[in-house]
Amino acid sequence: MENNNMYLPYLMKIDKITCEAPSIKTFKLKFINKEDEESFNFKAGQFGEYSIFGEGESTFCIASSPTRKGYIECTFREVGKITSALANCEEGNIIGFRGPYGNTFPIEQWTGKNLIFIAGGIALPPLRCVIWNALDLRDKFKDITILYGAKTADDLVYKYELEDWKNRNDVKLITTVDPGGETKDWTGEVGFVPHILGKYPPHSNNTIAIVCGPPIMIKLTMPILMKLGFTNENIFTTLENRMKCGIGKCGHCMVGNNYVCKDGPVYRYDELLQLPLEY
Amino acid sequence: MKILSGKIMNYKTLKIDNLDLFFNEIKKSGKNLLVPKKKGKTTYFSSFININDVEFNYIQTTISPKSALFPKVEELISFKKDDGTYVVTEPSIEKETIVFGLRPCDAVGLEYLSNFFLNEKSDFTVRLRKENTTLITLACKNFDENCFCTSVGLSPASIKGSDICLTDIGNGLFYAEIITDKGEKLIAEHSALFSNAEKINKESYVAQVPLKFDSDNLIKNIKNYYNSEKWTINSLPCLGCGACAFVCPTCTCFNIEDEANPVCGTRLRCWDSCAFGIFTLHASGHNPRPIQSNRWRHRVLHKFGYSVTNMDTLSCVGCGRCIRVCPAGMNIIEQILDLQEA
């Protein structure tokens with residue numbers, strides 16, 4: 001039994017702010033308290049509650065890899081009251097963080113397999129954590145492919161890392177933008193993520209697909225993966241339902257009897273199909 | 001569902017005329033005593049001041065006693081700006097509370113509520129309040145058409161979840177069943193008011209609530225009801241006002257919000273309801289339960305299905321409050337009968 005107040009946040013200092021895309025920022029956060037930093041552990045796929053004191057808490061995944069110690073990163077889009085308050089923060093400001101919460105991607109079980117990451121828009125941050133986790137343990141995995149799309153070239157997040165991944169010979173990166181979203185100097189693909197997946201069909205043999213994106217992207221991507229021979233057991237995704245507590249109490253994220261915050265957010269596709277369509 | 005029972009430690013009687021003394025002694029000891037009171041047509045629990053304010057004439061209180069464990073609004077943390085950083089403090093432990101006059105179904109409801117909050121990641125404030133709260137239940141002599149405790153495996157004589165259960169046995173006497181150590185301790189502190197008694201059969205002194213539906217059958221078939229067209233038809237009157245959740249003794253959903261000025265503030269937990277459209281609304285605008293029938297279905301299936309899977313118990317105790325309070329005439333009994341009929 002926990003003897004402490006689960007709602008007591010860690011105090012975190014904003015060490016670095018990166019503007020990723022229009023109204024999308026990444027915060028690099030460091031623990032104020034050294035003991036907190038030392039005792040803090042998380043795994044790929046987990047999330048937290050980030051708070052501005054006086055404004056409230058907001059839920060984002062931890063977008064940095066657990067292999068990178070001493071800090072965490074989160075990437076968010078400015079859409080509401082709390083994310084706007086976060087967006088107005090400056091480097092050096094103090095914010096609150098509760099976490100890590102939720103289950104994790106079973107990366108240990110993927111040793112010796114090919115990995116394909118398929119992400120759309122603001123859904124790259126939860127996968128970026130897994131991508132860097134895998135890249136930091138590169139020799140454990142076979143081929144690593146990343147297919148990432150956004151509405152426009154400007155909307156792509158982590159542009160500096162996309163460049164990095166593009167230049168690595170141990171990663172195959174495919175970037176795409178929706179038709180009309182390309183710039184004059186755009187060298188990537190043009191087309192929706194499912195179409196581009198069909199254009200560069202990955203081998204399903206010994207391959208794990210990690211898919212995250214808006215519901216429409218998931219809906220159109222799954223049949224293509226199935227056609228390529230992927231089974232539900234080899235496809236993983238992560239859900240981002242509205243959450244308040246993060247610990248399976250407040251009820252906001254419930255999908256059937258599942259609390260996405262503690263039974264998820266990571267689901268194997270066959271597990272996801274057991275749930276009512278309320279995500 | 002089997003009738004739930006607990007082990008009774010001791011039996012006593014208390015003269016109803018001595019309630020005034022009992023209440024005043026509790027008040028004098030510095031404990032917070034919550035008793036039923038009435039304002040307009042609404043009965044609710046509030047701190048005891050005077051015996052004349054205590055309401056005894058109710059089938060069931062309008063508002064459940066759940067705020068004794070899970071207040072409508074409570075502080076989770078408070079914070080103060082301090083030289084560019086923050087000093088964060090936790091709420092202090094509250095004083096001992098006695099709740100008098102809740103019904104047997106409420107005691108089971110509060111037991112479910114605290115089991116839910118203390119399960120897995122144990123909730124700090126609910127646990128402290130649970131440890132500090134003694135429940136004195138009043139067995140029901142009357143019932144109305146909205147009571148359905150017997151349909152969910154309970155009865156007006158249930159002692160589950162109570163610390164002390166009082167039954168009016170006539171001749172100006174309450175028969176007291178002392179169920180827990182907490183109950184025993186409270187009686188010991190006021191021993192002069194209680195006389196020793198033999199065990200009696202309570203059945204003839206409590207209401208006989210008729211069976212409305214078969215919950216075993218409901219639990220068995222609940223998975224088949226998800227796609228029923230009855231949800232849409234039955235939820236058409238629903239206003240999505242959330243009143244059902246606010247009066248329910250087992251509804252645990254909440255929101256977390258900050259209230260602050262530029263210098264200091266508090267992070268508050270407030271009751272919330274799955275009946276509200278924004279309850280599940282994503283930042284993107286996508287809503288997993290976009291229409292009221294989805295939300296009504298979630299509420300009913302949570303009570304009779306998801307709780308059984310997750311907590312091995314129904315999270316409805318048949319108190320009937322949601323039916324009595326609904327301004328649109330939504331009726332959970334009718335919904336269940338309708339599903340079972342199909």
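Throughout, protein chains are lettered first and strands after them, A, B, ... in sequence-line order, and every chain is numbered starting at 1.
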(request) Could you tell me which portion of B:L281 (side chain, backbone, both or neither) has an atom closer than 4.5 angstrom to a non-hydrogen atom of chain A? (result) both

(message) If I measure from the heavy atoms of chain A, does B:F79 come under 4.5 Å with its side chain, its backbone, both, or neither?
(response) side chain

(message) So for B:F254, is it side chain, backbone, both, or neither that comes closer than 4.5 Å to the heavy atoms of chain A?
(response) both

(message) Which residues pass the ring pair (Phe, Tyr, Trp, His ring centres under 6.0 Å) test with B:H302, not counting sequence neighbours?
(response) B:H298

(message) Is B:N255 close to chain A through its backbone or its side chain, or both, or neither, when contacts mean heavy atoms under 4.5 Å?
(response) both

(request) Using the ring of B:F70 (Phe, Tyr or Trp, six-membered ring only), decide whether B:R129 places NZ or CZ under 6.0 Å from its centre and within 45 degrees of its axis. (result) no

(message) Suppose a student defines contact as a heavy atom less than 4.5 Å from any heavy atom of chain B. Which residues in residues 10-36 of chain A would they list?
(response) A:L11

(message) For the backbone of A:P66 and the side chain of A:K43, can you confirm whether one donor and one acceptor N or O come within less than 3.5 Å of each other?
(response) no

(request) Mark yes when over 12 heavy atoms from residues, nucleotides or ligands other than A:L273 sit less than 6.0 Å from its CG; otherwise mark no. (result) yes

(message) Only pairs of heavy atoms separated by less than 4.5 Å count here; which of B:N261, B:N294, B:T125, B:N119 has the most with chain A?
(response) B:N119

(request) Go through the atoms of B:L301 and report whether side chain, backbone, both or neither lie under 4.5 Å from a heavy atom of chain A. (result) neither

(message) Between B:R267 and B:E259 (salt bridge meaning N to carboxylate O under 4.0 Å), is one present in this structure?
(response) no

(request) Can you tell which part of A:E49 gets under 4.5 Å to a heavy atom of chain B, answering side chain, backbone, both or neither? (result) neither

(request) Go through A:D178 and A:K151 one step at a time and tell me if the salt bridge (charged side-chain N to carboxylate O under 4.0 Å, His left out) criterion holds. (result) CA-CA 5 Å; A:D178 291 355; A:K151 268 197 185 109; over 6 Å; no

(request) Could you tell me which residues in residues 246-264 of chain A have at least one non-hydrogen atom under 4.5 Å from a non-hydrogen atom of chain B, sorted by residue number? (result) A:I247, A:G248, A:K249, A:C250, A:G251, A:H252, A:M254, A:G256, A:N257, A:Y259, A:K262

(message) Taking B:E111 first and then B:K130, would you say they form a salt bridge - that is, a charged N and a carboxylate O separated by under 4.0 Å?
(response) no

(request) Could you list which of residues 89-101 of chain A have a heavy atom closer than 4.5 Å to any heavy atom of chain B, in residue-number order? (result) A:I94, A:R98, A:Y101

(request) Look at the side chain of A:Y148 and the backbone N and O of A:G121, then say whether any donor-acceptor pair between them is shorter than 3.5 Å. (result) yes

(message) Between B:E257 and B:R269, does any side-chain N to carboxylate O distance fall below 4.0 Å?
(response) no

